[in-house]
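Have a look at the structure below, then the notes.
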There are 2 protein chains.
Amino acid sequence: MPESHYPEIRSLDLFSHMDEANFETLLRAGYVQNFPPQIELITEGESSDFLHVVLSGSVELFSNLNGRETSISTIRPISTFILAATIKDAPYLMSARTLEKSRIVMIPSQDVRSIFEVDNHFARAIVTELALCYRTVVKQTKELKLRTSLERLANYLLRQQTRAGGGSVFELETEKRRLASYLGMTPENLSRAFKALRPYGVSVNGSMIEISDQSDLISFAKPSPLIDDKDV
Amino acid sequence: MPESHYPEIRSLDLFSHMDEANFETLLRAGYVQNFPPQIELITEGESSDFLHVVLSGSVELFSNLNGRETSISTIRPISTFILAATIKDAPYLMSARTLEKSRIVMIPSQDVRSIFEVDNHFARAIVTELALCYRTVVKQTKELKLRTSLERLANYLLRQQTRAGGGSVFELETEKRRLASYLGMTPENLSRAFKALRPYGVSVNGSMIEISDQSDLISFAKPSPLIDDKDV
DNA sequence: TTGATATCTTGATATAGATCAACCCCAAAC
DNA sequence: GTTTGGGGTTGATCTATATCAAGATATCAA
């Protein structure tokens, strides 16, 4: 791998405290590749040969079952995915595909596991990362079971507004059909849900959203820090 | 804590490879307590003061939001819960209550974090445990989004049958109202779902289930190793 | 045993959400 | 510029699931 990528990868929490020699060993074993959009990088059920790092672009994690498909999360730069499968040397539970042109680092899982065994700082960073991943999925489960689809959309919009800087107008950044799948609903229903939020000050123009009265939407969405806050 | 409990706790994967002195430090800081049924041990949102180990009995993890409640998992001996919150020093995302008379070890989170910092074997064991927890929740999310409630029940019964030894008659071990909540449905609907599985050879008598033709139920449930297998 | 209480079941009804079909719109390819 | 195809929307309909109400069954304490 070209050393020019090292600094940005090194800056990830996962790698920032590990031993320099181990870090270089890891990256020298890795590859950087550019992928076009809509390439399936990994398929659920396969053995986890690589830990992936998204340098640019974006990647969708999704899952299939009996002809159905659901979107589980979107990975944006710079972060890793499929860490748990790599560490446990277990099959991937989710598939991954590029959403746009993306630059991906692939580090052989075997090397990750070897360094994990000898580098204590790396092992501790993995703990923090996995704990974060775990808590993120627990929040998703709570949201799915405790909120209606309309509430999920309302809270998603509030979260996205915050991520986009907090202005009253912001962009979705996600295709609506994929957002629907992520929220656990059909595209048709998402379209109707947007209309149902109009009385709470939500207006939609393509991928641009305007929330005219945030407090009004909040009073409907009833966001909870234990589901919606980023690093709780 | 009385030393008589040490061996059974030590036998957990989480503690089995750590340094003996560290293990004893950890347990000496801990308490063992007996709780009656239906005691709320922790409440979501509180800071994580203790790592809990269930020695006997059982504990339910659940969550509330706007008057609704959902059951997320049942912890049976001997295992720990609330590890991720402890490690991250973050608020609990779920509440916990005893389901029956239970003996619980409570180890102060601060001590767990201190030993985590110095004991590399312990740190690695935590990685394995968290990766397992993470993958379990991902499977739950997939099940919730990709299966109907009837399919969830059918697959739950097949899993429970396996856990109970594989015989055609086995016990539910879970109150039906709580099972309904776990599966993301109402008690009324669970009752109807049991009847709907009758054509596939499922008969119910109180908490006893009989699956007369397993292959018939399997052909309906279409279990997937990536959701239903224990340690995949 | 009896009473009290909670769980479970059943039926009737309401609601949320999925499906199907048609159409619109826009962007890329010819 | 026309064509083509995909995403998005809308309306009509259907299905899954929740809710409400009542009765049945089980559990436990007095």
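Both backbone and side-chain heavy atoms feed into the values below; hydrogens, waters and symmetry mates do not. By convention in this document, chain letters (A, B, ...) are assigned in the order of the sequence lines, proteins followed by strands, and residues within each chain are numbered from 1.
A donor-acceptor contact closer than 3.5 angstrom is absent between the side chains of B:E60 and B:T74. Side chains of A:S215 and A:D213: a donor-acceptor N/O pair is present below 3.5 angstrom, by distance only.
For A:R178 against D:dG7, no side-chain N or O and base N or O form a donor-acceptor pair under 3.5 Å. Under 3.5 Å, the side chain of B:E188 and the base of C:dC8 form no donor-acceptor pair of N or O atoms.
The side chain of A:S149 places an N or O atom within less than 4.0 Å of a non-bridging phosphate oxygen (OP1 or OP2) of C:dG17. Within the 4.0 Å cut-off from OP1 or OP2 of C:dA18, at least one side-chain nitrogen or oxygen of A:T186 is found. In terms of phosphate contacts, B:N189 brings a side-chain nitrogen or oxygen within less than 4.0 Å of OP1 or OP2 of D:dA18.
Of the candidates C:dT10, D:dG7, D:dT17, the closest approach to any side-chain atom of A:R177 belongs to D:dG7. Ranking C:dG17, D:dT17, C:dT7 by closeness to the B:E175 side chain, first place goes to C:dT7. Comparing D:dT9, D:dG11, C:dG17 by their nearest atom to the side chain of A:R192 picks out D:dG11.
Between the C1' atom of C:dT19 and the CE atom of A:M185 lies a distance of 15 Å, rounded to the nearest Å. Distance CG (A:N205) to P (D:dG7): 20 Å, rounded to an integer number of Å. Rounded to whole angstrom, the span from the CG atom of B:L190 across to the P atom of C:dC8 amounts to 9 Å. Following rounding to the nearest Å, A:R68 (CZ) and C:dA18 (P) show an atom-to-atom distance of 12 Å. Here the C1' atom of nucleotide D:dT17 and the CZ atom of A:R147 are 21 Å apart, to the nearest Å. Per the geometry, CG belonging to A:L197 stands 15 Å off C1' belonging to C:dA16, to the nearest Å. When the P atom of C:dT7 is taken as reference, atom CG of B:L99 falls 12 Å away, rounded to whole Å. Atom CG in A:L153 sits roughly 14 Å away from atom C1' in C:dG17 (whole-Å rounding).
When all heavy atoms of B:I72 and B:Q140 are compared, the closest pair comes out as O-NE2, 3.4 Å. Taking each heavy atom of B:A96 and B:L61 in turn, the nearest pair found is CB-CD2, 3.6 Å.
In this structure, D:dA30 forms a base pair with C:dT1, meeting either the Watson-Crick or the G-U wobble geometry with both donor-acceptor distances under 3.5 Å.
In this pair, A:H52 and A:F81 present their aromatic rings parallel. The plane angle is below 30°, not in the 30 to 60° band.
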